[in-house]
Amino acid sequence: MNQPLTRDAELTRERILEAAFDLFVDRGFAAVSMRELAVRSDVTKSLIHHHFGTKEALWEAVKEMAFGPYYEQQRAELTEAEEPGAELLMRGARNYFEFLRDNPKVARLFAWAHLEGDKSCSQMDAKLVSLGSERVAQAQASGALRDDINPTHVVTIFISLFTQWFEARE
C-alpha cells in the first residue's frame with residue numbers, strides 16, 4: 001500500500017492519476033490493466049471508473065495533466081507575442097527544452113502515445129505547431145527570419161530534435 005486510504009475525492013483522483021502516469025510511462029497505455037491501476041493507486045477498479053469513467057478517459061486525463069500546463073503556457077506566449085521574430089522562436093525552443101528537462105517522464109509518455117497511434121496528442125501538437133508556424137511565417141514576412149525555409153519545418157524540427165534527445169537519454 002503506497003499511501004493511507006482517504007475519503008478525500010480530490011486526493012483519491014490525484015493518487016489515481018499519479019499511479020496511471022507512472023504505469024503508462026513505464027509500459028504504455030495498452031499494456032496496463034485496470035486491475036494494475038487499482039492496485040498501484042490503492043483503490044478499487046470501480047472507484048477509478050467513478051472518477052474517470054473508462055481507461056481511455058483516464059489516459060486522456062494523464063496526458064492533460066502531463067502536457068496541459070506547458071501547452072497553455074506556450075499557446076499564451078505565442079498568441080500574446082506582439083512582434084514575432086528570432087527571439088520568440090528561441091524562447092519557444094528554450095521553453096520546450098526546459099519543459100522536457102524538468103519533466104523527463106513526459107518524453108517517454110509522448111513516445112508511447114505516438115507508438116500506440118494516439119490521436120489526441122497529435123491534435124494538441126498540431127495546434128501548437130500551427131500557431132508556432134504562423135508566428136514564424138509572420139517573422140519571415142517582416143524580414144526578421146530567413147524566408148527560404150518552410151515555417152512548419154522550422155517548428156517541427158526543433159520539437160522533434162528535443163523530443164528525440166530526451167527519449168534517447170531515457
Side-chain angles (χ1 to χ4, degrees), residues 1-78 92-133 150 152-170:
M1 304 287 176
N2 295 337
Q3 297 176 349
L5 294 176
T6 179
R7 290 195 182 264
D8 184 317
E10 190 55 38
L11 286 176
T12 300
R13 181 176 164 73
E14 287 176 28
R15 202 167 68 234
I16 294 167
L17 277 170
E18 289 172 14
F21 177 78
D22 289 340
L23 285 168
F24 293 152
V25 164
D26 289 343
R27 300 191 13 242
F29 171 78
V32 175
S33 71
M34 289 296 278
R35 182 183 171 287
E36 290 172 293
L37 289 165
V39 168
R40 177 71 69 94
S41 56
D42 202 18
V43 299
T44 63
K45 288 191 295 185
S46 62
L47 197 52
I48 295 173
H49 286 292
H50 169 76
H51 283 282
F52 297 97
T54 64
K55 182 179 159 190
E56 289 77 11
L58 176 57
W59 172 237
E60 293 302 319
V62 164
K63 291 182 297 184
E64 176 62 32
M65 176 191 75
F67 189 62
Y70 167 80
Y71 171 84
E72 289 302 325
Q73 178 268 332
Q74 192 63 27
R75 186 193 57 73
E77 188 164 328
L78 288 168
R94 187 173 39 255
N95 289 345
Y96 190 60
F97 183 88
E98 290 172 355
F99 169 71
L100 292 177
R101 180 199 64 207
D102 296 343
N103 302 280
K105 290 182 177 183
V106 173
R108 188 168 168 100
L109 187 73
F110 288 167
W112 278 115
H114 292 294
L115 284 170
E116 294 180 346
D118 184 274
K119 300 290 186 229
S120 66
C121 271
S122 297
Q123 291 168 352
M124 275 202 284
D125 286 350
K127 289 176 187 174
L128 279 184
V129 168
S130 177
L131 187 54
S133 299
N150 181 314
T152 301
H153 294 167
V154 172
V155 175
T156 57
I157 285 169
F158 87 74
I159 290 171
S160 298
L161 177 68
F162 293 159
T163 302
Q164 179 57 37
W165 191 77
F166 281 98
E167 286 174 5
R169 289 185 64 193
E170 191 63 27

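A quick note: this is a predicted structure, and the numbers were derived from the prediction, not measured. In what follows, residues are counted from 1 in the order of the sequence shown.
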| With a 4.5 Å limit on heavy-atom distance, are the side chains of Tyr71 and Glu64 in contact? | no
| message | Using ring pair (Phe, Tyr, Trp, His ring centres under 6.0 Å), reason through Phe67 and Phe110 one step at a time and then give a plain yes or no. | response | CA-CA 9 Å; Phe67 189 62; Phe110 288 167; 5.1 Å; yes
| request: With rounding to the nearest 0.5 Å, note down the distance linking CG in Asp125 to OG1 in Thr163. | output: 8.0 Å
| message | Does any part of the side chain of Met124, heavy atoms only, come nearer than 4.5 Å to the side chain of Lys127, both counted from C-beta? | response | no
| request: Kindly give the heavy-atom pair with the smallest separation between Ile48 and Ser41, and that separation in Å. | output: CD1-OG, 4.3 Å
| note | In short, Asp26 meets Arg108 closest at the heavy-atom pair O-NH2, 3.2 Å
| said: For Trp59 and Phe24: C-alpha separation, side-chain torsions, deciding distance, then whether ring pair (Phe, Tyr, Trp, His ring centres under 6.0 Å) applies. | reply: CA-CA 8 Å; Trp59 172 237; Phe24 293 152; 5.1 Å; yes
| task | Taking all non-hydrogen atoms of both residues into account, name the closest pair between Thr44 and Ala38 and its distance. | result | C-CB, 3.9 Å
| query | Can you tell me how far CZ of Arg94 sits from CZ of Phe162, rounded to the nearest 0.5 angstrom? | reply | 10.0 Å
| Would you say Ser133's side chain and Val129's backbone share a donor-acceptor pair under 3.5 angstrom? | yes
| Phe97 and Phe158: aromatic ring centres closer than 6.0 Å? | no
| How many angstroms lie between CG in Asp22 and CG in Leu109, if you round to the nearest 0.5 Å? | 10.5 Å
| task | Indicate yes or no for a side-chain donor-acceptor contact from Lys55 to the backbone of Phe29 under 3.5 Å, with no hydrogens or angles considered. | result | yes
